[in-house]
Enquirer: 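Structure in C-alpha cells, see below.
Chain A is the first sequence line, chain B the second, and so forth, proteins listed ahead of strands; every chain is numbered from 1.
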Number of protein chains: 2
Amino acid sequence: MATAARPAPLDRAAWIRGAFAIVADDGFDGLRVEALAKRLKVTKGSFYWHFKDRDDLFAAVLSEWRDSRIADIRKQTAAQPGQELAALHHTIDVYAAARNRKGIAIEAGFRLWARQDAATAAVVEEVDAERLACTCRLFRVLGLGETEAAARSVLLYAYVFGYSMMQCGRFAMDAAAVKDWIGRQIATG
Amino acid sequence: MATAARPAPLDRAAWIRGAFAIVADDGFDGLRVEALAKRLKVTKGSFYWHFKDRDDLFAAVLSEWRDSRIADIRKQTAAQPGQELAALHHTIDVYAAARNRKGIAIEAGFRLWARQDAATAAVVEEVDAERLACTCRLFRVLGLGETEAAARSVLLYAYVFGYSMMQCGRFAMDAAAVKDWIGRQIATG
DNA sequence: AGCAACCCATACGGTATCGTATGGAGTCTG
DNA sequence: CAGACTCCATACGATACCGTATGGGTTGCT
C-alpha cells in the first residue's frame, strides 16, 4: 500500500510546541504566523483553523508556559523528609545550568513582554509566587525563620535568572568554584 | 523678533537619545525608524541623513550603552579608602532600585539580542567583565580571597539583574527586610 | 454512497516598515 | 550673491506580515 505517508494532522498542542521552538531559537520577535506555519510545513490556512488570531496563540503559549513552569518547580522541590537541603541544591543546579539557556530566553522574553501586557504580568507573578513558595517551604522545614526563608528564596531565583543572563566569558574566574561558593551561600548546610 | 522658533536641528546624539527613550518605553520591538522619527517630530528623511540604515542606529545605541554603562559602574564603585563596603552596598542599592526598571528593560533587551548577534554579545561580555572587575576590586581591598571576591561579585550582579526581572507582588514577604538580608549576605560587614 | 466534520492550500486586501530618490529651505562662506 | 553644505519633507517601490474568503481533499459515520 503506497500510502504516501501523509503527515499527521496538527492539533493545537503541536502548534504550541512549534511556537516554543521558535521563541527559543529566534526570540518572541520570530513568533510570526507565517514563519511558524513554514516550520510546521503547512500554510497559514491551517493556523487560522486552530487559532482565532495571533493573540490567541500568544495566550495559549503563555498558559502552557505557566502550567509547565509550575509543574516543574513542584517536581524539582518535592523532597523526601530529610532531603530538603539536597533538593534546594538540586534546584539551583538545574535552573542555573548552562543547558537551560533556551528556557532562560523564554523566561526573559515573557518578563519583558509582561512590562507591556497586564495578563502576562499576572502570569509571571503567579509563577514567581509559586516558585518562591516552593523553596520557601524547604527553607522553613530546615528551621529558618520567615524572613530568612523568604530572603534566601528570592536570592536563589534572582541568582539563577540573573546569572543566566550574564556573559562572564571575559571575566577570569574559576566558574566551578564560584558557583559552588554561591550555592553554599544561598543554601547553607 | 518673531523668529518662529524653528526647532534645533537634530544630530546623531539626539537620535540616539530618542532611541533609548523608545526602547525603555516600548522595548526593542518599538525601535522602528518611522516611529522614532515621529517621536522626534521629523520624518524618515532626516533619519537616513544621520544614519546609513537601521543597523547603523542599533550599532550606535549599542556603543552608547557600552560607554555609559562602563562609566556608570566606575563611578558607582569609586570608593575612598575605607569606604569600600559602603560603596558595595551603594552599588547594590542603586542597581536593584525599583526606579531602575527602565534601565533593566534595556539591559534585558540587549542580553536577549546578544543571543542572536555576536557583536552585541561581545559588548555585553565587555560590560559584564568591567562590572565584575570593579566590584571584585572592592571585595579584594576588603581582604577577601580571589575566588570569594569573584563569587560575591557574580552573585551581586546576578541578584540585581534577576531581582529586577521578578514579579514578587503576590509573594507575601517583608520586601525591605528581605533586601536588607540579601545585601548583608552579598557584602558582609 | 452520501454527508458532515476536520484540516489545509490558495488567493486576496490591507497595513506597517524599510530604504531610496529627489527636491527644497535655510545657512555658511568666499 | 553664488555656490556649497546641512538638514529635512515627500513620494516611491519593495517586502513582510496579518487576517479573511473560499474551495478542496480526507476521514469517519450512517
Side-chain angles (χ1 to χ4, degrees), chain A residues 1-62 64 109 112-113 116-117 119-120, chain B residues 1-62 64 109 112-113 116-117 119-120:
Chain A
M1 47 284 264
T3 54
R6 282 172 50 78
L10 300 172
D11 57 1
R12 247 177 167 256
W15 282 93
I16 295 174
R17 279 195 302 275
F20 273 103
I22 283 191
V23 171
D25 287 346
D26 307 334
F28 273 91
D29 301 12
L31 189 46
R32 306 282 161 77
V33 172
E34 270 149 326
L36 177 54
K38 191 170 186 177
R39 187 185 189 103
L40 298 180
K41 302 194 188 305
V42 291
T43 61
K44 289 194 307 184
S46 174
F47 175 84
Y48 286 100
W49 169 259
H50 295 283
F51 298 87
K52 179 181 177 295
D53 53 22
R54 202 160 162 258
D55 282 339
D56 190 17
L57 173 66
F58 279 165
V61 168
L62 181 63
E64 170 64 25
L112 275 183
W113 182 21
Q116 318 231 104
D117 181 68
T120 304
Chain B
M1 49 285 260
T3 53
R6 283 173 51 79
L10 301 173
D11 56 0
R12 248 179 167 255
W15 283 93
I16 294 174
R17 279 195 301 275
F20 272 102
I22 284 192
V23 171
D25 287 346
D26 307 335
F28 273 92
D29 300 12
L31 189 46
R32 304 282 161 76
V33 172
E34 272 148 327
L36 178 54
K38 190 170 188 179
R39 186 185 189 103
L40 297 180
K41 302 192 189 305
V42 291
T43 61
K44 289 194 308 185
S46 174
F47 175 85
Y48 286 100
W49 169 260
H50 295 282
F51 297 88
K52 177 179 177 297
D53 54 21
R54 203 160 162 260
D55 281 341
D56 189 17
L57 172 67
F58 279 165
V61 167
L62 181 62
E64 169 65 23
L112 274 183
W113 182 20
Q116 319 228 106
D117 182 67
T120 304

Enquirer: Got a list of side-chain donor-acceptor pairs under 3.5 Å for residues 11-23 of chain B, not counting sequence neighbours?
Expert:
residue	atom	partner	partner atom	Å
B:D11	OD1	B:A14	N	3.0
B:R12	NE	B:H50	O	3.3
B:R12	NH2	B:D56	OD1	3.0
B:R12	NH2	B:D56	OD2	2.8

Enquirer: All N/O contacts under 3.5 Å from nucleotides 4-7 of chain C to the protein, with atom names and distances to one decimal?
Expert:
residue	atom	partner	partner atom	Å
C:dC7	OP2	A:W49	NE1	3.3

Enquirer: I want to check something: taking the side chain as every heavy atom from C-beta on, are A:V33 and A:F51 in contact at a cut-off of under 4.5 Å?
Expert: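 No. Closest side-chain heavy atoms not under 4.5 Å.
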Enquirer: Do A:L57 and A:F47 have side-chain heavy atoms sitting under 4.5 Å apart?
Expert: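 Side chain of A:L57 against side chain of A:F47, heavy atoms only: contact under 4.5 Å found.
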Enquirer: Calculate the interatomic distance between A:L36 atom CG and D:dC17 atom P; express it in whole Å.
Expert: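 Rounded to the whole Å, the gap is 12 Å.
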Enquirer: Please name the pair of heavy atoms, one in B:A35 and one in B:G30, separated by the smallest distance, quoted to 0.1 Å.
Expert: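 Smallest interatomic distance, heavy atoms only, reads CB-O, 4.1 Å.
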Enquirer: I'd like to check the salt bridge (charged side-chain N to carboxylate O under 4.0 Å, His left out) partners of B:R39; sequence neighbours left out, ordered by chain and number.
Expert: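 B:R39 satisfies salt bridge (charged side-chain N to carboxylate O under 4.0 Å, His left out) with B:D25 only.
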Enquirer: Quick one, give me the B/S/- string for nucleotides 13-20 of chain C, reading 5' to 3', where B means a protein heavy atom under 4.0 Å from the base and S means that only happens at the primed atoms, P, OP1 or OP2.
Expert: ----BBBB
Enquirer: Taking only residues two or more places apart in sequence or in another chain, which ones pass salt bridge (charged side-chain N to carboxylate O under 4.0 Å, His left out) with A:E64?
Expert: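 If we apply the salt bridge (charged side-chain N to carboxylate O under 4.0 Å, His left out) test to A:E64, skipping adjacent residues, there are no hits.
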Enquirer: A:T120: what forms a side-chain hydrogen bond (donor to acceptor under 3.5 Å, both in side chains) with it, not counting sequence neighbours?
Expert: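 By the side-chain hydrogen bond (donor to acceptor under 3.5 Å, both in side chains) rule, A:T120 matches A:D117.
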Enquirer: Taking the side chain as C-beta and beyond, is there a heavy-atom pair between A:L31 and A:F58 under 4.5 Å?
Expert: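 Sidechains of A:F58 and A:L31: in contact.
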Enquirer: Can you tell me the distance, in whole Å, between the CG atom of A:D29 and the P atom of D:dC18?
Expert: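 These atoms are roughly 12 Å apart.
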Enquirer: Can you check the A:R39 CZ to C:dC8 P distance for me, whole Å?
Expert: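 Atom-to-atom, A:R39 to C:dC8, this comes out as 17 Å.
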